[in-house]
Amino acid sequence: MRNAKADDAAVPSEDRNDGFYLIVSDLVSLIDHVQASMKLIEAAKVQDCIGNQEFADVVVLDDVTPLYTQAEAALAACNTNLAAALQFLFETKAVYEETSGRSASGFHDLPARRTI
């Protein structure tokens, strides 16, 4: 196993910032993708209700939602956990910069925590 302190010393701080921004960018992309999937599920639920002409005047969501409930719950959990991971990175970065005396320049350019 590698020595973490030795690895940190060998990595220039600019590379650490690049890594941080890559991770943040990836998390934001994942959050966007999860939220898009949630919107697709919502649209599919509406389409299933509209497509059922037998109940054109009555919308009974209990007939449609079981198809999507588990997927929707899993995506909601993913969205929550990804947002928490992103927030944790922001907070950790801020604390690191405060304690190390480094400037937080560019930190304000990071995307805000996203929720639905």
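None of these values were measured; they are calculated from a predicted model.
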Discussion item. Rounded to the nearest 0.5 Å, what separates atom CG in L82 from atom CD in Q87?
Written reply: 13.5 Å
Item to complete: Run the salt-bridge test on K45 and E42 with the 4.0 Å N-O cut-off and return the result as yes or no.
Response: yes
Discussion item. Distance check, rounded to the nearest 0.5 Å: H33 atom NE2 versus L30 atom CG?
Written reply: 8.0 Å
Discussion item. Under a 3.5 Å distance rule, please check whether T99 uses its side chain to pair with a backbone N or O of V95 as donor and acceptor.
Written reply: yes
Worksheet item: Would a distance-only check, ignoring hydrogens and angles, find a side-chain to backbone donor-acceptor pair under 3.5 Å from N81 to A77?
Response: yes
Worksheet item: With sequence neighbours excluded, what pairs up with T92 under the side chain to side chain contact (heavy atoms under 4.5 Å, CB included) test?
Response: F88
Worksheet item: For L40, what residues pass the side chain to side chain contact (heavy atoms under 4.5 Å, CB included) criterion, not counting sequence neighbours?
Response: none
Worksheet entry | Chi angles and distances behind the side chain to side chain contact (heavy atoms under 4.5 Å, CB included) call for I23, L27 | CA-CA 6 Å; I23 292 168; L27 284 173; 4.2 Å; yes
Discussion item. Rounded to the nearest 0.5 Å, what separates atom CD1 in I31 from atom CG in N79?
Written reply: 6.5 Å
Worksheet item: What are the two closest non-hydrogen atoms of M38 and L75, and how far apart are they?
Response: CG-CB, 3.6 Å
Practice prompt. Would you give the length of the straight line joining atom CG of D32 to atom OG of S37, rounded to the nearest 0.5 angstrom?
Written response: 11.0 Å
Item to complete: Give, for atom CZ of F90 and atom CZ of F20, the distance between the pair rounded to the nearest 0.5 Å.
Response: 6.0 Å
